[in-house]
Amino acid sequence: MFQTTREILQSADEGDLVRLRGWVYRKREFRDKIFIMLRDSEGVVQLVFSGQLAEDARKLNIESSIIVEGIVKVEPRAPGGKEVHVTRILWSYIGEPFPINVSAAQADSEYLLDVRHLWIRSRKMWAMLRIRHTVFNAIHEYFRMNGFYEVQCPIFVSAAVEGGATLFPVKYFDRTVYLTQSAQFYLEALIFSLEKVYTVAPSFRAEPSRTRRHLTEFWHAEAEMAWSNMYDVMKISEGLICHIVRRVLDERLEELSILGRDVEKLEKVRPPFPRVLYDEAIEILKKKGLNVEWGSDLGADEERILMQEFETPIHLYGFPEQIKAFYHKNDPQDPKRTLSVDVLAPEGYGEIIGGGERIEDPNQLIEKIKRFGLDPKDYDWYIDLRRYGSVPHAGFGLGVDRLVMWICGLDHIRDAVPFPRDIRRVAP
Ligand code: 4AD
Ligand code: MG
């Protein structure tokens, strides 16, 4: 029987004989003793080695693996208030000296990306990975609680969803296909069988520049709902985000604190989120001196400036037709704008969700595909969905890595992912 570091700190008593296994996180010598912070998947605990055992412990490197037996002592000076006085080393693998020197590494983030396969052992990565775990779990929980069916969609596709510029071509026997940018069209097909569907899967975008919030491979949580409109998207997407943030606050306070996250800011994330018409956003940005007009697309900089005005996420809705993909339904009251909505995260983070109402009429859809300079033949099966029992429907896609970046308070999306991919990097 082995105890985790967490079990020791939470429930072991003075004098208990325990067995622990893990990795050497820190090591220091004091008089004739060796103090080792032992790291496992649950946390860290201080081990104390003396006598002959100290001689053996001295040989261990940072990140050497060990299994020990020892006696629990209450020690207010030890992190977590307890330590384990080792009585036996049951197993050890000393290995080679660990190559990452933390202070040198902090100065060079490219180096840390080169050694990401080892750096994921660090406390910050550990904390992020545990929050990420809770986020993915909460996504599934929320959709299932709300009557959505989970579905799986193809990764190899034959046409663009979000415009041709960011498609990744793949050689597929004797022709070229693409990696999916979004499961949306398949989800739209599936609502005619299951009405409310969701999927959590990777999406791919050939993003030509390195930014703080773009990856070439990202995790996408997408939902589609029959008999629904833009306001249903607002309700479900804000419910989803509030549920995820609540779960992280309930389960991951320690991890948030390791990341230095100000949790007060996350506590403010409650429904309803302010609903901001695109036109109001343009006015706010103009007042702040930005050079934007009705019809301008908002990039990361504009969103950052806009989101300094708000403490919770917002719904930004009613975007002009020309800055949204062809499938967005135009507002019948005001056809130059679409019934589209993005969710923008506060503290300058910006867009984390994109969605809205879809065109349900086949002729309107064909007309808009042509107007956007696309070929209806490429979208034949997608148009087909409107030919048989078409219904009003709407949906959205959440960029999970961007959400994790915001919840963790990270500067860069690549630190929200264990093995990030961008224009320059596909290894490790
Ligand atoms: O706004 P986007 O492009 O919308 C769609 O793909 C829709 N088809 C979704 C739908 O309605 N089912 O992407 C949705 C979200 C963005 O808000 C952003 O959070 C994330 O996906 N995203 C990216 N995340 C990281 N790296 C990238 N290159 C991303 N591109 C989009
Ligand atoms: Mg978008």
Side-chain angles (χ1 to χ4, degrees), residues 135 139 143 148 151 153 157 159-168 179-191 196-225 228-230 232-234 236-237 240-241 244 278 297-300 302-303 307 313-317 319-320 323-329 338-345 349-359 382 393-407 410 412-417 420-423 425:
V135 166
I139 291 170
F143 282 125
F148 286 76
V151 295
C153 301
V157 298
V161 179
E162 296 300 325
T166 62
L167 279 177
F168 268 117
L179 297 179
T180 184
Q181 297 169 311
S182 160
Q184 181 189 322
F185 292 177
Y186 295 94
L187 297 180
E188 286 187 61
L190 285 157
I191 60 163
K196 296 208 290 183
V197 293
Y198 82 98
T199 194
V200 184
S203 281
F204 304 86
R205 309 260 171 117
E207 300 287 352
S209 52
R210 262 188 146 189
T211 77
R212 288 170 183 278
R213 61 178 202 167
H214 287 92
L215 295 167
T216 52
E217 176 182 317
F218 68 96
W219 279 81
H220 210 170
E222 296 183 271
E224 197 69 27
M225 308 174 280
S228 298
N229 61 26
M230 180 178 68
D232 298 310
V233 167
M234 291 179 180
I236 292 292
S237 60
L240 172 65
I241 290 187
I244 297 168
Y278 168 85
D297 201 359
L298 305 185
E302 289 82 13
E303 288 182 3
M307 289 319 287
I314 66 164
H315 297 292
L316 183 59
Y317 72 103
F319 292 90
I323 59 170
K324 285 285 168 189
F326 72 87
Y327 54 74
H328 286 281
K329 182 171 170 172
T338 52
L339 296 168
S340 53
V341 54
D342 281 2
V343 175
L344 273 56
Y349 279 94
E351 181 186 344
I352 51 174
I353 285 182
E357 251 169 271
R358 324 302 191 190
I359 300 174
Y382 185 64
H393 63 285
F396 66 92
L398 161 69
V400 186
D401 316 286
R402 284 198 189 169
L403 176 77
V404 171
M405 177 187 175
W406 161 55
I407 289 178
L410 303 171
H412 206 295
I413 194 168
R414 63 192 178 206
D415 291 327
V417 185
R421 265 84 185 95
D422 65 27
I423 186 167
R425 187 171 290 280

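Whatever order the structure lists ligands and atoms in, that order sets their numbers, starting from 1. Atom set for the values below is all heavy atoms of this structure, side chains included, hydrogens, waters and symmetry mates excluded. The structure presented is a predicted model; accordingly, all values stated were derived computationally and were not measured.
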Going by the angle between their ring planes, with limits at 30° and 60°, are F319 and Y278 parallel, tilted or perpendicular?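 Answer is tilted, since the angle falls between 30° and 60°.
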
Once you measure the plane-to-plane angle for F185 and Y382, does it fall in the parallel (<30°), tilted (30-60°) or perpendicular (>60°) bin?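 Geometry flag for Y382 against F185: parallel rings.
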
[atom] - nearest protein heavy atom and its distance:
atom                    : result
atom 18 (C) of ligand 1 : R402 NH1, 3.6 Å
atom 16 (C) of ligand 1 : E351 OE2, 3.2 Å
atom 15 (C) of ligand 1 : G397 O, 3.6 Å
atom 19 (O) of ligand 1 : I352 O, 2.9 Å
atom 12 (N) of ligand 1 : E222 OE2, 2.8 Å

Please say which of I241, V233, D342 ends up in a side-chain contact (heavy atoms from CB on, under 4.5 Å) with I353.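 With I353 as partner, side-chain contact (heavy atoms from CB on, under 4.5 Å) holds for just one option, I241.
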
Candidate list E357, K329, M234, test side-chain contact (heavy atoms from CB on, under 4.5 Å), partner N229, passing option: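 Testing N229 for a side-chain contact (heavy atoms from CB on, under 4.5 Å) against E357, K329, M234 leaves exactly one candidate, E357.
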
With a 4.0 Å heavy-atom cut-off (strictly under), which part of [X] contacts ligand 1: side chain, backbone, both or neither?
X    : result
I413 : side chain
H220 : side chain
Y327 : side chain

Compute the shortest N/O to N/O distance between [X] and ligand 1 and return yes if it is under 3.5 Å, no if not.
X    : value
H214 : no
V161 : no
L215 : yes

Just to be sure I'm reading this right: ignoring hydrogens, which of E224, R205, M405 gets closest to atom 13 (O) of ligand 1? Compare them by their nearest heavy atoms.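 Nearest option to atom 13 (O) of ligand 1, by heavy atoms: R205.
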
Which is closest to atom 21 (O) of ligand 1 by heavy-atom distance: W406, F185, F396, F218?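 Checking each option, the heavy atom nearest atom 21 (O) of ligand 1 is found in F218.
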
Is a side-chain N or O of R210 found less than 3.5 angstrom from the main chain of I423, in a donor-acceptor match?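 Not confirmed, R210 side chain does not pair with I423 backbone.
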
Using a 4.0 Å cut-off to any heavy atom of [X], which atoms of ligand 1 qualify?
X    : result
G354 : 1 (O), 9 (C), 10 (C), 11 (O), 17 (O)
R213 : 25 (C), 26 (N)
I353 : 17 (O)
E207 : 28 (N)
S182 : 6 (O), 7 (C), 8 (N)

Heavy atoms, side chains only, cut-off 4.5 Å: are V161 and Y327 in contact?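 Yes, their side chains come closer than 4.5 Å.
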
Under 2.8 Å from the Mg ion (ligand 2), how many protein N/O/S atoms can be counted?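 Atoms of protein N, O or S type lying less than 2.8 Å from the Mg ion (ligand 2) total 1.
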
Does ligand 1 have an atom that lies less than 4.0 angstrom from a heavy atom of R358?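 Distance cut 4.0 Å: R358 passes for ligand 1.
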
Trace of the side-chain hydrogen bond (donor to acceptor under 3.5 Å, both in side chains) decision for S203 with H220: CA-CA 6 Å; S203 281; H220 210 170; 2.8 Å; yes

More than 12 heavy atoms from other groups under 6.0 Å of CZ on R212: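 Open.
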
If you measure from OH on Y198 to CG on L398, what distance do you get to the nearest 0.5 Å?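 Between Y198 OH and L398 CG, I get 13.0 Å after rounding to 0.5 Å.
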
